[in-house]
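These numbers come from a predicted model, not from an experiment. All values below come from the heavy atoms of this structure, side chains included, with hydrogens, waters and symmetry mates left out. Chain identifiers are assigned alphabetically (A, B, ...) following the order of the sequence lines, protein sequences preceding nucleic acid strands; residue numbering begins at 1 within each chain.
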Amino acid sequence: MSDRKFPFPFDKFESKWQRIWDDEKTFKVSNPGEPGFDASKPKYYVLDMFPYPSGSGLHVGHPEGYTATDIVARYKRQMGFNVLHPMGWDSFGLPAEQYAIKTGQHPTVTTNANIDTFRRQLKMLGFSYDWDREVATTDPKYVRWTQWIFLKLYNSYYNTELQKARPIEELEAQGLSREDIDNQRLAYVADGMVNWSPDMGTVLANEEADEWRDKGHIVERRKLRQWMLRITAYAERLIDELEPLDWPEGIKLLQRNWIGKSQGAEVIFDCQGHDIVVYTTRPDTLFGATYMVLAPEHDLVDQISTPEQKEAIAAYQESCASKSDLERTELSKDKTGVFTGAYATNPVNGKLIPIWIADYVMTGYGTGAIMAVPAHDSRDFEFASKFELPIIQVVAPDKADTPWKDFVGYDGTMVNSDYLDGLSVTAAKAAMITWLGENGVGQGKTNYKLRDWLFSRQRYWGEPFPIVWNQKDGNHYAISESELPLLQPEMEDFQPSGDPRGPLVKATEWINYSEYCTRETNTMPQWAGSCWYYLRYLDPNNEEQFVAPEIQNYWMDGGVDLYVGGTEHAVLHLLYARFWHKVLFDYGLVSAPEPFYKLVNQGLILGADNQKMSKSRGNVVNPDDIVCEYGSDSLRLYEMFMGPLKEVKPWQTKGVEGVSRFLARVWRVAMMENQAGEWVINSKLSAEEPAGLSPVRKEVHKTIKKVGEDIESLSFNTAIAKMMECTNTMTAADSVCVSDYVLLLRALNPFAPHLAEELYSILAAAYPELEQVQISAMSWPSYNAEFLIENEKEIVIQVNGKLRDKLMLPVDISREDAEALALASARVQEFVAGLTIRKVVVVPGRLVNIVAN
RNA sequence: GCCAGCUUGGCGGAAUUGGUAGACGCGCUCGACUCAAAAUCGAGUUCUUCGGAGUGCGGGUUCGAGUCCCGCAGCUGGUACCA
């Protein structure tokens, strides 16, 4: 640090306090049963989304959420809660592996170096984490329990009657075959289409594929044997149990849409003795079905298509198969398809309708076949218009001026539909489902867009599956819990082999588990570790259990109280973690059905140019630079002062200067420079109590009230504005009482803890009557409500809604008196001259509005 | 296309149930201090033809609308033929 003189000497005290907090473990919190645990206090669990420790270190986006939770944590501690506020590392990830491929350096080395950087940077910002609870997903002691939870999933099935996970042994006891059992596991093996990158030698998650493709890598679809997690079994619970959570509505909606529940019916159509089952959400429109569409890959296509159409069908199928997903969406504007030559019988009226194939119907959803009702479905309408297929109206819109063609709304009445005629859409839907059931040609059916979770990756730097394959019977088996953690073998060559089984196939010794058994070479995705880290914080060093029940019961009663992180995890991480949590809940291993009771998404911080920060744009702000120049408290304060936590907002370094000036003013209320240029206690500070209620004291108590309320509602920007006002009042005053000043420091402490500690320690040394402790150990100050009572209030006088005068009136003035005084105002007289007063509106304590014309 | 969110001075943003629009901060202007500058302190800062007009645009409800209702535009994010 240079000798440069700063407006207040943060360079002299910030690192000092960080060291003290670290050495004294100021923010350590004990678990039930441990010495120092105070069972009389309520608990508060405030959680950050833990970072991926990238090579480039912290960016200014990280401290935004972390400062917010730190303010809440410090505030709640001052309010008398046992506060659990931990931090850790989501440390598996592709960059460390890519770096290893390039340099040959083991990912552990890079990962640990990055973690060290992140830890140093976070400590530099003075966050009040209990560092004794730090976890890293790459730590073997952590990997062990990630694998243990995976085995829980592997050894479970979903009991649809009980609606919960149960041990696989129950199925064994029922005498089910090995195959039937394997088909019900929550972790199972299946062939699936995945994103495979031959040049990187790995599969990619859907959400990663575009990113890498943009960087010039090849990504193609390939059918591979993969591990899947049966998240679809939990679809209903994942929707229902979302409702009561205190989450942003937008995020709930995103999850609901992702799960994509729809209610409709399966209907069986006959085609030359073949049953073709279609799924529809609109069984009410069955009389309007004028043709049928099968997905090009549908099993029955070859069997039903007529000889003369075979060639065209084959050509179309081939063109669809060769198209990438990207091309398919790009071409989505124009509908394509081919007639099979075959016809199906509509079960409700016996009519024959032509069967087509088209790529707007997909295999993966529903039954891969649809009945087309062009009158009341936009896609069918488009297709029918193009290929000149008949369009029959079956719904009449209730709104008179709405055309029936392409009317997809539910506010309509059935027509041309035999026994449904005259019914509302909703009633017809129910009536048709009943009819289908009675006639054995269909049934009500609920579908979900949610797919099972593709859980395996062909990577080195991830948790290996604790699974071996028996080469004799071809089955997979779990290794025993005593063999956990199962770590990746030491390898020197991380180069991709091009083998879709992943780089671990090169570890020939490691693979051979026993005479007949070889190890699974896939690894788990990065999500695995982040699915349960919030639970490991509770009991990070437990070697017997992933968390001890009594500790879990205490901290997770009602779930995590506040979870703050970015919207980028709105669906995946938050959905995956909820899923794992529910499996653990089914086994009674966690006490709340949901992990995160309250969720808040902090808004993205943009560059000064209002663009997303990125190296290529050159608008990235490095927190280290800001801390050097203005100090950690200034960075913390600025990030909170920029605007509401949830909003997107641009970075302005000039703004940091503003809050830095504010902190300097706080400093200078208590401190002044003597002739030698040293900071000494300001002579305007006085130990004497002021006579009566001073303006400063009044302002301080108002500030305490406002700041407390604002922290509760996470409105940190307005809390800071209020403290600025309070400080300005103190700066303007000739004398400030020490006890009033200390109240401000205690309110400021969660925001700017270094400054608050330093100033308080200086004052505590000079004024023995002050409590001789660290300010972090002090309670949240309470305000005296009597100080806030106003005798008089400024009342606005309006004429016809326009501001014409302001009067200071007693707060308890009667309506009549207020009205009379308002009318007596000279300004009012001026504006009502020549008009008749029609009405006078009096809002006590606010305004008087005189209506005249 | 669909869904969600947003739109307030030169800029970031404030505004209980509808009740003084522009708190607080940045920037800018002027003043004090200084040989000078920086820093600091103080005053001012929506526009204005000084009547008024103003919260993306057009309507509406109301004594009164940034806030509520209807219609439209723009920006940001999500999603992509899910039957």
Cation-pi check, A/Lys335 onto A/Tyr360 ring (under 6.0 Å, within 45° of axis): yes
Compare all side-chain heavy atoms of A/Ser262 with those of A/Tyr365 and state whether any distance is below 4.5 angstrom. yes
Base, sugar-phosphate, or nothing for [X], non-hydrogen atoms under 4.0 angstrom?
{"X": "A/Leu254", "value": "sugar-phosphate"}
{"X": "A/Tyr291", "value": "nothing"}
{"X": "A/Lys654", "value": "sugar-phosphate"}
{"X": "A/Val841", "value": "base"}
{"X": "A/Arg256", "value": "nothing"}
{"X": "A/Asn800", "value": "nothing"}
{"X": "A/Asn728", "value": "sugar-phosphate"}
{"X": "A/Arg838", "value": "nothing"}

When the distance from CD of A/Gln255 to P of B/rU79 is rounded to whole Å, what number comes out?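 My rounded result for the distance is 13 Å.
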Check whether any side-chain N or O of A/Lys839 sits under 4.0 Å from OP1 or OP2 of B/rC63, and answer yes or no.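 Checking B/rC63 against A/Lys839, a side-chain N or O does come within under 4.0 Å of OP1 or OP2.
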Contact list for residues 641-664 of chain A, test ring pair (Phe, Tyr, Trp, His ring centres under 6.0 Å), sequence neighbours left out: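 Applying ring pair (Phe, Tyr, Trp, His ring centres under 6.0 Å) to every pair that reaches into residues 641-664 of chain A, excluding sequence neighbours, yields A/Tyr638-A/Trp651.
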Using the C1' atom as the point on both nucleotides, what is the distance between B/rU79 and B/rU8, in whole Å? 31 Å
